[in-house]
Structures are given as structure tokens and as C-alpha cells.
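Every chain is numbered from 1, with letters handed out A, B, ... down the list of sequences.
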Number of protein chains: 2
Amino acid sequence: MAQGSIQGSLKERGVRLTRQRQILLDLIDKSGSHLDAERLFQLAQEQDPKINRVTVYRTLKMLKTGGLVDELDLMHHEGDQHYYETRLKQEHAHVICLRCGKVEEFFGEPLSRLRKQVETHLGYQVLIARTEIGGYCAHCQTLRAREFDELRGRPPEPPKTSEETERKPRAAAPKPRARRA
Amino acid sequence: MAQGSIQGSLKERGVRLTRQRQILLDLIDKSGSHLDAERLFQLAQEQDPKINRVTVYRTLKMLKTGGLVDELDLMHHEGDQHYYETRLKQEHAHVICLRCGKVEEFFGEPLSRLRKQVETHLGYQVLIARTEIGGYCAHCQTLRAREFDELRGRPPEPPKTSEETERKPRAAAPKPRARRA
DNA sequence: TTTTTTGCAAACAGTTTGCAGCACA
DNA sequence: TGTGCTGCAAACTGTTTGCAAAAAA
């Protein structure tokens, strides 16, 4: 438990540090990033099998409202879940490959420049800034070119924006979740 | 029906121009921007009371997949819907006031610079870029200061990131929608 | 006339809520 | 020891799907 920034911040606000929250904060903090609620729930379950999905959602909501984590959707590349990452890192954009799903982070001055311009030109007090960029990574560009070559003869495809790879199955396991009656 | 860009693009791809699609395209195009599916559905219903919500979703999905509209979430400021706008405009960021919900657009070179850097530095072929910025507009900043003054004496509030205004009712009408059995 | 597209009902994913009991401070 | 938090079940919103009937081309 090396990290104390989030936990400290919570303690200051009089938020109780329950066992469940400890687990969740730990996971959020040590995971590189980009966990969605369901994944976080699965990981938490490994440490406490009785933890409830609702607790995960409630904790995430609290952290988000408190400005301690940011919510991303990563271009909805593999579903409509949201992803979360701590706010500790430097501002960055997320770059998502629409073919293989890889997510990279981009740090650079255009981001801070953008923020400053919005503050000065529009007079805003900026609290959150989120940039998500979708495209094809270098590797997938060549793969796409190859796939295209193999189609020679057929009518050229309309320039699809995404969705051109068959949607891969959601996650490792088919995610069987309690269904409604 | 002055605009033909989207409609033309669709015709080329062999998409049928049905009455419903005409209506929806028209609305998307002439509305300033930032319609969500439900709002679009309501507006469409004024012209064709028998149009179905599902048709709206299907049309939006088609336009999105075809790269003709962009999907936004505007920081989820008033719910988890998605908003849509045509791709005809120049690239821009959306700046959302987290207090009053106002949405402004920001055009500026940091955006194209950012795109270029991602292309050259990370080797991506960029297809979509989305920047959403949340904060307080000039007007709401002063209002917040006033609100804060009125609270003098009480313990200083934790620096809330959003959600500090009471969530306003979703839209004009309470949006009564067919509930599940 | 063939192929898309629609409308309907029902399903689905992701997330939130009400409430009684539990546990942190 | 009280107030905040959890777990459970069930609700809810936003969106998608299967299928027969309707309408473009």
C-alpha cells in the first residue's frame, strides 16, 4: 500500500476507509489503467469473494464526483462501458486502434495549449479535459492494406470508419451475469 | 432540402432514401447540433407520428458507422445518452459548462496540431478525434463564488468536480416512455 | 419483384436505487 | 454507538435484436 494520495484525500473528506474501498483503491491505483467497472469487480472478487458489483459502482461514482478518477469511454471500442483511471498522471490523450483495440497514451504540449486557450479565449475554468482519438495503429494499417489486396476484383469497399473487424468477444469469459427474470 | 452531401453519400452506397431517413437527415442537418437519440425521435415524431424510436437508433448507427456523423457524450453532463453531429464541420472541441450545461465549440490550431503529432509520433492513421472539456463558464464562475459566500460559516465544501448543481430534470416533458412489464 | 427497411415487442448491457443489517470511526 | 456503508433484489435508462409486414428501387 505505497500509495496514499487518494486514500489521504478521502480521509480528509471524512470518507470511511472500508475493507472494500481499500481493495478497490488498491486495484485502481496499481493497475496500469483503463479498468471498467466489471473488470474491477472481477479483480476485487479475487480478494473478497463477497464484494458486490454495486459497491464497485458506488465507489467509482464517489471517486469520479470527487475528482479523483477520470471516466473514459475509449471510443466505445468494445462496448458501452466506461473506463477509469486515476487523476494522478499528467494530462494525456487516449489513442485507440479501431482494429486491434490497443490503447496508447499521448502526452504533448498541444494538450496544455488547448486547455489554456479554452481558459483564456472562452473564459472557462477548466476542470476536466478528455481527448480520445481513434484510428489505425501502424501495424493494423499494413494488415488492412493486405486484407484489401486480397479483395482485389470485388467492388471497392465504402470507406468504413470502424466496425470493420468483426467485434471480438467481450472479454475472456463470456461474462455470464445474473439476468433479469 | 438544400443539403445533399449526406444524402448523396448514402445514395452512392446503395442506401435507400426512405421517408423516415429523409426526416431524420433533415433534422440532424438543420439542427444546430448536439441532438441525442431521444430528442431526435421527438422531433421526428412531429413530422411523422408513426416513426419508431428503433428507426432512429438504426439510422444513427448507420450514419456513425459510415463516418457521416460523430458521436459525443458531452461529459455525460445530463445523462448517459449520446449526442450526434454531422461531420461536415471543421474539427472542434466541445466545451461543456458543468453548472449550466451550456455547450460551446472551440476551434483552434492545438487540435490539428495534436492530430498531426499523433500521426507522426505514434504512426497512427487518425480517423476520429474527440475532445471534450468540462468546467465552469465565466457566468457560472461568478455565480459559484456568490453561492460560496452565502455559505460562510459552514465548513468549506470539498472541491466538487461536478454534480454540484441539483441534476435538472432530463428535458421539457418528464419523458414518459413505455416501461417494461 | 426482389431486397431493404420499418415497426413492434422483447431482450439486453450497464448502471442506479431502496432498504435492512453491518461495520468503521 | 451512531452514522455511513454494504449487499441484495429489483428497478431503470439507453440501446439492440428477431421477425413479419411494408415500401423502396
Undergrad: Would you tell me if any nitrogen or oxygen in the side chain of A:Asn52 comes within less than 4.0 Å of OP1 or OP2 on D:dC8?
TA: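 For A:Asn52, the contact criterion (side-chain N or O under 4.0 Å from OP1 or OP2 of D:dC8) is met.
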Undergrad: Measure from CG on B:Asp73 to C1' on D:dT13 and round the result to the nearest Å.
TA: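 Whole-Å distance recorded here is 15 Å.
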Undergrad: With a 4.5 Å limit on heavy-atom distance, are the side chains of A:Asp70 and A:Arg130 in contact?
TA: no
Undergrad: Quick one: do A:Arg19 and A:Asp48 make a salt bridge, cutoff under 4.0 Å?
TA: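 Looking at A:Asp48 together with A:Arg19, the answer is yes, because their closest N to O distance falls below 4.0 Å.
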Undergrad: Nearest heavy atom decides the nucleotide; on that basis, is A:Asp48 or B:Glu71 closer to the 5' end of DNA chain D?
TA: A:Asp48
Undergrad: Could you give the OH-to-P distance, from A:Tyr57 to C:dG18, as a whole number of Å?
TA: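 Atom OH in A:Tyr57 sits about 18 Å away from atom P in C:dG18.
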Undergrad: Restricting to pairs with a member in residues 7-43 of chain A, which pass ring pair (Phe, Tyr, Trp, His ring centres under 6.0 Å), not counting sequence neighbours?
TA: A:His34-A:His94
Undergrad: For A:Gln81 and C:dT16, what is the distance between atoms CD and C1' respectively, to the nearest whole Å?
TA: 17 Å
Undergrad: For A:His92 and A:Phe107, take the angle between the two ring planes, folded into 0 to 90°, and tell me which bin it lands in: parallel under 30, tilted 30 to 60, perpendicular over 60.
TA: tilted
Undergrad: What is the separation between atom CE on A:Met62 and atom C1' on D:dG4, rounded to the nearest whole Å?
TA: 12 Å
Undergrad: Take atom CZ of A:Phe41 and atom P of C:dG14, then tell me their distance rounded to the nearest Å.
TA: 13 Å
Undergrad: Expressed as a whole number of angstroms, how long is the span from B:Tyr83:OH to D:dT15:C1'?
TA: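 It works out to 15 Å between those atoms.
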Undergrad: Give a yes or no on whether the backbone of A:Thr59 and the side-chain of A:Arg21 come within a donor-acceptor separation of less than 3.5 Å.
TA: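 Such a contact is absent between A:Arg21 side chain and A:Thr59 backbone.
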Undergrad: How many Å lie between CD on A:Gln45 and P on D:dC8, as a whole number?
TA: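 Whole-Å distance recorded here is 10 Å.
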Undergrad: Could you check whether A:Arg146 and A:Thr142, counting side-chain N and O atoms only, form a donor-acceptor pair closer than 3.5 Å?
TA: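 Side-chain D/A pair, A:Thr142 to A:Arg146: absent.
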Undergrad: Starting at atom CG of B:Leu72, determine the distance to atom P of D:dG14, rounded to an integer number of angstrom.
TA: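 Roughly 16 Å, once rounded to whole Å.
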Undergrad: Got a donor-acceptor contact below 3.5 angstrom from the B:Gln141 side chain to the A:Gly123 backbone?
TA: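 A pair under 3.5 Å: yes.
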Undergrad: D:dG14 phosphate, OP1 or OP2: any side-chain N/O from B:His82 under 4.0 angstrom?
TA: no
Undergrad: If you compare every side-chain N and O of B:Arg21 against the phosphate oxygens of C:dT6 (OP1, OP2), does one of them come in below 4.0 Å?
TA: yes
Undergrad: If a protein heavy atom is under 4.0 Å from the base, mark B; if only from the sugar-phosphate, S; if neither, -; do that for nucleotides 20-25 of chain D going 5' to 3'.
TA: ---BBS
Undergrad: What nucleotide among C:dT16, C:dC19, C:dA9 has an atom nearest to a side-chain atom of A:Arg58?
TA: C:dC19
Undergrad: Do B:Arg53 side-chain and D:dG14 base share a donor-acceptor contact under 3.5 Å?
TA: no
